[in-house]
Amino acid sequence: IDWLDSELNLKMKGPESTALGRDAPYVITLNNVGRVDSKPFTVRATIPKGFEAVKTDPPASKEGDQLIWKLTALPGQRGRDRKIPYRSSQPGSITPKATLLAPGTNPIEDQFTTRVTKPGLQLSLTGPKHGAVDTPATFRILVSNPGTGPAENVVIQAGYSAGLEHERGVNPIELELSEPIAAGKSREIPLTLTPRKAGRLKLNVAAKSTGDLIARASASIDVKYPALKLRMQGPKMQNLNRQANFKITIANGGAVPLRQVTIQTLLPEELTFIDASDEGRLTEREVLWRIGDLKAGETKTVTLITRCDRIAPAAKVRARALAEPSPDGVVAVSTKRLEELTESSIAIRGLPAFRLGVRDRDDPVLKGKSTSYRIDVTNQGSLRATGVEIKAVLSKHWRILKASGPSKYKIEGQTVTFEAKDGLEPSAAWSYYIEVEAIEAGDARLKVELDSSMLRSPVRSEQSTTIFAPLE
């Protein structure tokens, strides 16, 4: 025989943890696993000390620290829920107890413990104390949770002086963390700002989270202007195949230290590298010096030694200096590099050099006979000769008959003068001829003087010829 009756049970369930000041939803589940309806019964739930029950569902009556529901019956094979949101005003643990009281049966009890946590919020802000205009400065925001529960819905807001700029172009800038910060954990957020003017600039940061938690921090940065100066000194003019030395001076003219300082010079085709001071290194036609660091106000001079290998009216040596501002000795990856350019122009001239040759066609010469002299002017230099002039003086032993050469001439007494002429190219030669008649026996002479607009003093040469009288 199967006896039919009701069979009631009770189960209480809540969250494992909840934050201070937030509702912890508890559910009391009532079940009649029997096949017939139950008799009327009562359900009680305790309200732990320091907690309150907020708007139960369905509504319960309250006696002291007890919530009470009176049920007329619970159909067989059916269940009912009683919902209680507990709210705590202090951290710790909550263990409410539910009791089912029915006539003719023992009380049925159940309980559940929930840990009440208290999240915390702390904020620290670190960053460079010194900065340079147009050099990004990275600050680090550290948000910490020193509490016992997760800090949720954390929002960070950063406001800064007008002289600072963020890549988004907004001020203040707001960031919402995608995940809660667990108890005892921290989250670091980098914030990069670029100073656009000098002065003491400020950054104020606030962090907020659920539960009206708020933390603040601030920092300031002393921003100065960096400055790089470059100067090059060298000869304005030099002769071919001679050395040309250049001094290049780099200076930190600002108030911010500089690092990774380099000097690069580009040599023109007309100059050939010979040597460089301070471990300057040549690559193709570029000379590179790695200077390293320059303190504020510090200067450095390097020397470049070259040789003039080609004539040029204005050969240009170009120099470029690069450096990175280094406030506090730290440089951001995106630091704007300083650049300074300069150049030096040098005129490379050829060297004037003449060879003067004089020779007679006949020696000795019979009195009454005619002969000639040849005068050769050779440009042995590297510069096109200008203003080439020949003056020839013959002794009394000769009568001048005529002359020829690359320029016009005139005869005055015993002197033949060839007019000045331009255009004697390097390695080229001009020849002049003078025809004479021997009129007196003895040691005859031809004295030649070569002058040019390129010479400081004339070049001279002399030729001796013997004239003899015929036998009688």
Side-chain angles (χ1 to χ4, degrees), residues 2-121 145-153 180 182-184 208-214:
D2 292 331
W3 298 98
L4 300 178
D5 198 359
S6 63
E7 184 178 347
L8 298 173
N9 61 33
L10 171 146
K11 186 72 174 176
M12 189 174 215
K13 181 73 173 175
E16 296 288 340
S17 65
T18 186
L20 181 68
R22 298 182 65 179
D23 293 347
Y26 273 69
V27 177
I28 301 173
T29 301
L30 308 170
N31 282 304
N32 181 359
V33 297
R35 297 183 181 179
V36 298
D37 295 350
S38 72
K39 295 179 181 179
F41 61 95
T42 301
V43 175
R44 291 176 174 265
T46 61
I47 304 174
K49 184 178 180 180
F51 290 80
E52 63 174 317
V54 182
K55 198 176 181 180
T56 59
D57 181 21
S61 61
K62 185 177 179 182
E63 292 181 2
D65 63 349
Q66 297 281 321
L67 297 172
I68 302 172
W69 290 271
K70 293 184 177 182
L71 291 85
T72 56
L74 183 60
Q77 304 290 313
R78 297 291 180 89
R80 295 285 187 272
D81 287 341
R82 295 296 180 266
K83 297 178 180 180
I84 313 171
Y86 286 106
R87 183 178 298 170
S88 172
S89 59
Q90 62 186 30
S93 295
I94 172 178
T95 307
K97 181 172 69 174
T99 305
L100 187 152
L101 302 171
T105 63
N106 294 325
I108 301 172
E109 296 181 344
D110 194 19
Q111 64 185 27
F112 191 89
T113 300
T114 296
R115 185 168 60 93
V116 179
T117 62
K118 182 180 180 180
L121 201 60
N145 179 1
T148 57
E152 299 177 328
N153 302 315
K208 299 178 182 180
S209 70
T210 300
D212 295 328
L213 298 178
I214 186 168

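Values below: all heavy atoms of this structure, side chains included; hydrogens, waters and symmetry mates excluded.
For Glu109, the side chain to side chain contact (heavy atoms under 4.5 Å, CB included) partners at least two apart in sequence or on another chain are Lys97, Thr99. Evaluation of the ring-ring contact (aromatic ring centres under 6.0 Å, His included) rule for Phe112 yields no partner, not counting sequence neighbours. Ser93 is linked by a side chain to side chain contact (heavy atoms under 4.5 Å, CB included) to Thr113, counting only residues two or more places apart in sequence or in another chain. When the side chain to side chain contact (heavy atoms under 4.5 Å, CB included) test is applied to Pro25, the partners found at least two apart in sequence or on another chain are Pro15. Taking the side chain to side chain contact (heavy atoms under 4.5 Å, CB included) definition, one finds that Pro58 meets it with Trp69, Arg82, sequence neighbours left out. Applying the side chain to side chain donor-acceptor pair (under 3.5 Å) criterion to Thr105, with sequence neighbours excluded, gives no partner residue.
At distances below 3.5 Å, at least one donor-acceptor pair connects side-chain atoms of Thr148 with backbone N or O atoms of Lys118. Judged by distance alone, the side chain of Asn145 and the main-chain N or O of Gly120 form a donor-acceptor pair under 3.5 Å.
Pro85 is not listed as a side-chain neighbour of Lys83, based on a closest heavy-atom distance of 4.5 Å or more.
Between the CG atom of Asp37 and the CZ atom of Arg78 there is a distance of 9.0 Å, given to the nearest 0.5 Å. Asp110 CG to Leu10 CG: the interatomic distance, rounded to the nearest 0.5 Å, is 6.0 Å. A distance of 9.5 Å separates CD1 in Ile47 from CD1 in Ile94, rounded to the nearest 0.5 Å. For the atom pair CD1 (Ile84) and CD1 (Ile28), the distance works out to 3.5 Å, reported to the nearest 0.5 Å. From Leu101, atom CG reaches atom CG of Asn106 across 10.5 Å, with rounding to the nearest 0.5 Å.
Applying the side chain to side chain donor-acceptor pair (under 3.5 Å) test to every pair with at least one member in residues 8-34, sequence neighbours left out, gives these pairs: Arg22-Glu152, Asp23-Arg87, Tyr26-Thr114, Thr29-Asp81. Residues in residues 38-67 take part in no side chain to side chain donor-acceptor pair (under 3.5 Å) pair, two or more places apart or across chains. Residue pairs meeting the ring-ring contact (aromatic ring centres under 6.0 Å, His included) criterion with at least one member in residues 31-66, sequence neighbours excluded, do not occur.
Closest approach of Leu121 and Ala151 over heavy atoms only: CD1-CB, 4.5 Å. When all heavy atoms are compared, the tightest approach of Pro96 to Gln111 is O-CB, 3.2 Å.
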